[in-house]
Number of protein chains: 2
Amino acid sequence: MNTVVDRSLLQGATPFGGCGVLGADGVDGMDDVLRTACVSRYGQHDTIFFEGDRAETVCQLVEGAVMLYKLLPDGRRQVVELLGPGDVFGFAQGEFRDSSAETLTATRVRFYDRRHAERSCSFQRVIARQMLVQLEAMHEHAVLLGRMSAMERVARFLLRLAVHVAGEASEPEVVRLSMTRQEIADYLGLTIETVSRSFSELRRRGVIVLEKQDRVRIANQRAMEDLAIAC
Amino acid sequence: MNTVVDRSLLQGATPFGGCGVLGADGVDGMDDVLRTACVSRYGQHDTIFFEGDRAETVCQLVEGAVMLYKLLPDGRRQVVELLGPGDVFGFAQGEFRDSSAETLTATRVRFYDRRHAERSCSFQRVIARQMLVQLEAMHEHAVLLGRMSAMERVARFLLRLAVHVAGEASEPEVVRLSMTRQEIADYLGLTIETVSRSFSELRRRGVIVLEKQDRVRIANQRAMEDLAIAC
DNA sequence: CGCCACATTGACTCCCATCAAACATTGTGG
DNA sequence: CCACAATGTTTGATGGGAGTCAATGTGGCG
């Protein structure tokens with residue numbers, strides 16, 4: 001007596017990607033969750049919600065890319081997560097969102113009612129899975145932020161995007177950033193100048209080619225991996 | 001027809017603390033989960049598991065404190081999480097543990113069988129909750145690692161411990177670290193010397209008093225909060 | 001006491017942030 | 001179509017915060 005579950009709910013992974021997870025079992029509130037879901041479209045650099053907003057929905061990225069970030073009172077910003085199709089976000093522990101969400105590209109987002117989501121077993125399963133994937137990604141990122149040099153951070157960032165794009169059909173080893181230098185800097189815990197200098201240095205060494213400002217070809221995969229320290 | 005659930009399963013929060021969560025509903029595999037659970041004791045600085053170990057259990061901290069850390073090939077270490085009573089850890093996305101777990105104090109840990117845990121609805125609910133709490137803590141920590149000065153990191157660290165200890169009966173504003181300077185450094189993304197210098201600077205300014213090496217009295221709460229930037 | 005591990009302090013270096021200016025890219029309107 | 005903002009990026013010069021290396025201090029325990 002499986003409920004019919006939109007397949008898109010059952011994808012999800014983290015930095016810019018999505019892979020399979022299963023769900024949909026016994027009798028629970030899944031019907032409610034799906035019945036109350038709705039999809040919205042966003043342009044590039046639109047805000048989906050702000051840190052501190054009341055968290056009445058759970059969001060799932062259907063298409064596009066989203067970043068979550070937090071601000072310090074003096075304006076310093078840290079991008080805490082990059083999300084791709086299938087990823088779930090905006091699920092808060094307390095009453096309010098713990099970070100802001102902004103699109104990196106044109107995007108479609110599905111919203112579920114939080115009350116219903118919390119009641120549904122299948123949904124909890126998907127959430128648990130998602131949170132776990134994101135948590136492990138955060139552990140990785142903590143190592144990057146706490147222990148890596150600027151060059152290592154940038155190399156790892158590019159390599160990671162490359163791996164996640166690899167699945168897609170587009171030319172291999174050409175990564176589309178779809179982030180400004182400032183956004184990359186705020187993700188990697190660096191300044192825009194340091195990110196730019198790192199790109200230039202990689203270009204100088206022939207490790208990458210900047211096809212356009214937001215398109216990077218990885219010319220020397222091996223050198224890249226050495227710089228990123230085991231990836 | 002509620003199954004009888006050990007209350008300890010239903011606690012859990014993150015940095016060194018635990019607060020309530022509910023669980024235990026309908027018919028699911030919770031019985032199995034609990035029947036297969038067992039508790040182990042550890043001394044101080046014991047390893048519970050290593051990164052890369054097969055992840056066949058899910059762990060819950062009953063008593064004590066545990067840190068999760070990751071190592072880079074060249075030996076650099078990043079402590080990615082601090083856990084207290086009630087916290088769940090060691091739940092892996094894939095087949096292997098993504099980080100190592102080491103006790104900071106004498107500890108009791110309950111182990112659940114992963115297969116059973118994945119089947120149980122109640123358990124999934126607890127896991128989802130736990131992952132969420134930890135994920136939000138990681139977001140906070142990413143800000144610290146990516147965007148804060150050494151002094152801000154140390155101040156925030158102390159203040160955070162103080163808040164979590166506050167609930168307990170012990171003297172107010174006296175924080176027990178139960179971590180070496182090296183462990184603190186590896187958590188905050190600093191070196192041992194920088195941590196030590198920051199403590200000394202705080203002492204010099206009269207913001208803290210070092211009662212013993214691992215006991216810190218926060219003498220000037222206000223000054224501390226200013227240093228930690230809104231906490 | 002004297003060892004041992006851990007912590008503190010000092011001197012020096014270097015990576016990255018900061019400030020500033022030039023350069024590139026895109027879109028707009030004359 | 002080009003001039004020209006407007007935004008985003010790169011490059012340069014400089015300084016400071018934190019890392020590194022080394023020596024000294026300190027507390028715990030056999």
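Chain naming here is simple, since letters A, B, ... match the order of the sequence lines and numbering starts at 1 in each.
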Between [N] ([atom2]) and [X] ([atom1]): distance, integer Å:
X: Asp186(B); N: dC6(C); atom1: CG; atom2: P; value: 13 Å
X: Asp214(B); N: dG27(D); atom1: CG; atom2: P; value: 13 Å
X: Phe199(B); N: dT8(C); atom1: CZ; atom2: P; value: 8 Å
X: Asp74(B); N: dT20(D); atom1: CG; atom2: P; value: 10 Å
X: Ile184(A); N: dT10(D); atom1: CD1; atom2: P; value: 9 Å
X: Met179(A); N: dG8(D); atom1: CE; atom2: C1'; value: 15 Å
X: Lys212(B); N: dG27(D); atom1: NZ; atom2: P; value: 10 Å
X: Gln44(B); N: dG28(D); atom1: CD; atom2: C1'; value: 13 Å

Task: Heavy-atom pair with the smallest gap, counting every atom of Leu202(B) and Met224(B) - done: CD1-CE, 4.4 Å

Test item: [X] side-chain N/O and [Y] main-chain N/O as donor-acceptor pair under 3.5 Å:
X: Asp186(B); Y: Leu188(B); answer: no
X: Thr103(B); Y: Asp46(B); answer: yes
X: Gln78(B); Y: Tyr187(B); answer: yes

Hey, is [X] close enough to [Y] for a salt bridge, meaning N to O under 4.0 Å?
X: Lys70(B); Y: Glu140(A); result: yes
X: Glu201(B); Y: Arg204(B); result: yes
X: Arg114(B); Y: Glu56(B); result: no

- [ ] Look at Thr180(B) and dA5(C) and indicate whether a side-chain polar atom (N or O) is within less than 4.0 Å of OP1 or OP2.
- [x] no

Open item on the list: Check the phosphate of dG17(D) against Arg153(B), side-chain N and O only, distance under 4.0 Å to OP1 or OP2. Yes or no?
Closed with: no

TODO: Give the nucleotide from the list dT9(C), dT10(D), dA7(C) with an atom nearest to the side chain of Arg204(B).
DONE: dT9(C)

Task: Heavy-atom protein contacts under 4.0 Å, nucleotides 14-24 of chain C, coded B base, S sugar-phosphate only, - none - done: --SSBB-----

